[in-house]
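Some notes on the structure that comes next.
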Protein chains: 2
Amino acid sequence: MGPTADRAELASRFRAHGLKATPQRLAIYRALLQTFEHPSAETLFRRVRRTMPSLSLGTVYKTLDSLEAAQLITRLSGVEESARYDAKLEPHHHLICTRCKKVIDVTVPDLPAPAQLGAFEITGVHVQFLGHCGDCLKGERI
Amino acid sequence: MGPTADRAELASRFRAHGLKATPQRLAIYRALLQTFEHPSAETLFRRVRRTMPSLSLGTVYKTLDSLEAAQLITRLSGVEESARYDAKLEPHHHLICTRCKKVIDVTVPDLPAPAQLGAFEITGVHVQFLGHCGDCLKGERI
DNA sequence: ATAGATGCAAACTATTTGCATTCAA
DNA sequence: TTGAATGCAAATAGTTTGCATCTAT
C-alpha cells in the first residue's frame with residue numbers, strides 16, 4: 001500500500017477486488033495515490049488526460065465509483081446528494097444512515113483539538129458518525 | 001429560539017440580521033425550525049408550497065443562502081461543491097478551509113462513542129474541522 | 001470468447017443567475 | 001420611495017446513463 005506501489009502491485013490489488021486492471025484505472029488510481037489534495041473527479045480527469053488524451057470524464061466517474069465500492073478509496077463525507085439544512089444552532093453532531101440518508105442529531109463530549117494544526121484556524125467542528133439506522137437494520141439484509 | 005417562536009419573534013430575529021421579514025422567509029425558516037429531519041431545499045419547497053402555492057424553488061435556495069449567511073441556520077458539511085476523493089485508507093480526519101476548499105489530513109485521538117445511540121449501528125466516523133488555512137489567513141482579510 | 005470497461009453523447013439533478021416585478025421598511 | 005426580495009426562465013455544474021465498441025482475462 002502506498003504511493004510507491006508499482007504497476008504489477010496495483011494491478012493485482014485490482015484483481016483481488018474483482019476489478020480488471022485497465023490502463024485508465026491504473027492511471028486514475030495512481031494519480032489519487034500520488035496526491036494529498038483530495039481531488040475531485042474533474043481534477044483527476046484533467047491531470048490523467050495529460051498522459052492519456054483519450055481518457056473520458058465518464059470513465060473517471062465510473063472508475064471512482066468502482067474503486068469506492070471496492071473500498072480502495074474513500075469519498076469525503078459523500079453522503080448527501082443534495083445540501084441538507086439544520087436550524088438547530090447548539091453544537092451537536094450527526095448520525096448519518098448511509099443507506100436511507102436519514103440524519104439524526106447527537107451530542108458528543110468536547111473534542112480534543114488536533115495536534116498538527118500549523119497555521120490553520122479552526123472555526124467549527126462537524127462530526128459525522130456513519131452507519132445504519134434502526135429502520136434500515138430492521139429491513140432487508142445489509 | 002426554538003420551534004415555538006411566534007411570527008413577531010421570528011420577524012425581529014430576521015431584522016436583527018438585516019434581513020427583511022417576508023412571508024416566504026418566515027415560512028421557510030419556520031418549516032426548518034419545526035422539523036428534525038435536516039431537509040433539503042427541494043423538501044422544504046414542497047412542504048412550504050402547500051400553504052404558499054406561489055412559492056418558487058429559487059426563492060427557497062436564495063432564502064437558505066441568506067439564512068446561512070446570517071448564521072440562523074447551518075448547512076450540513078456543505079463545504080465541497082463536488083465530491084472529493086482520498087486514497088488514504090488509514091483512519092484520519094480533515095481540516096477543511098471554508099474559503100479555498102483545501103482539505104488537509106489530520107489525526108485525532110480516538111473519539112468517544114455518542115451516548116444516545118439507540119438502534120443505530122456505527123460503521124465509521126468522519127471529523128471535519130472547518131476553518132481557514134494558513135494561505136487564506138495570510139491573504140485578504142477574513 | 002466474453003464479461004466487463006471505455007468513450008461519447010444525451011439526460012438528469014441540484015443549484016445559480018439574470019431580470020422584470022413586487023413589497024417591506 | 002427604494003433597496004431588497006420574489007418568481008420565472010434560462011444557464012450552469014456535477015454526475016449518471018445508454019449504448020456501441022473495445023479489451024483484459
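Heavy atoms only: backbone and side chains are in, while hydrogens, waters and symmetry mates are out.
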So which of residues 40-47 of chain B are in contact with DNA chain C, with a heavy-atom cut-off of under 4.0 Å?
none
Nearest whole angstrom, please: distance from the P of C/dG7 to the CZ of A/R25.
11 Å
Tell me whether A/S12 contacts the main-chain N or O of A/E9 through its side chain, where contact means a donor paired with an acceptor under 3.5 Å.
yes
Are any side-chain N or O atoms of B/H17 and backbone N or O atoms of B/A70, one a donor and one an acceptor, separated by less than 3.5 Å?
yes
Please check if any side-chain donor atom of A/E37 sits under 3.5 Å from a side-chain acceptor atom of A/T35, or the reverse.
yes
Collect all protein-nucleotide pairs involving nucleotides 19-25 of chain C in which both atoms are nitrogen or oxygen and the distance is under 3.5 Å.
| residue | atom | partner | partner atom | Å |
| --- | --- | --- | --- | --- |
| C/dA25 | OP1 | B/R15 | NE | 2.7 |
| C/dA25 | OP1 | B/A21 | N | 3.3 |

Gap between atoms CZ and P, on B/F14 and D/dA5 respectively (whole Å)
11 Å
Spacing between B/L57 atom CG and C/dA14 atom C1', to the nearest angstrom
9 Å
Could you check A/K138 against A/D135 for salt bridge (charged side-chain N to carboxylate O under 4.0 Å, His left out), going step by step and ending with a plain yes or no?
CA-CA 5 Å; A/K138 218 176 297 168; A/D135 291 346; 3.8 Å; yes
Any chance you could measure B/L64, atom CG, to B/I73, atom CD1, to the nearest 0.5 Å?
4.5 Å
Short side-chain N/O contact to D/dG7 OP1/OP2 from B/Q24, under 4.0 Å
yes
Taking the side chain as every heavy atom from C-beta outward, state whether B/D86 and B/D105 have any pair of such atoms under 4.5 Å apart.
yes
Rounded to the Å, how far apart are B/D65 CG and C/dA14 C1'?
13 Å
Cation-pi check, A/R25 to A/Y29: give yes when NZ or CZ is under 6.0 Å from the six-membered ring centre and within 45° of the ring axis, no otherwise.
no
Evaluate the side-chain proximity of A/H94 to A/V127: yes if any heavy-atom separation is below 4.5 Å, no if none is.
no
Whole-Å distance between D/dT23 P and A/L55 CG?
14 Å
Between C/dG7 (P) and A/Y61 (OH): distance, integer Å
16 Å
Grab the CG-P distance between A/L67 and C/dA5 for me, whole Å please.
11 Å
Using whole Å, what does the distance between atom C1' of nucleotide D/dG14 and atom CG of A/L64 come to?
13 Å
Indicate yes or no for a side-chain donor-acceptor contact from B/T107 to the backbone of B/H92 under 3.5 Å, with no hydrogens or angles considered.
no
A/S54 near the nucleic acid: base, sugar-phosphate alone, or nothing, with a heavy-atom cut-off under 4.0 Å?
sugar-phosphate
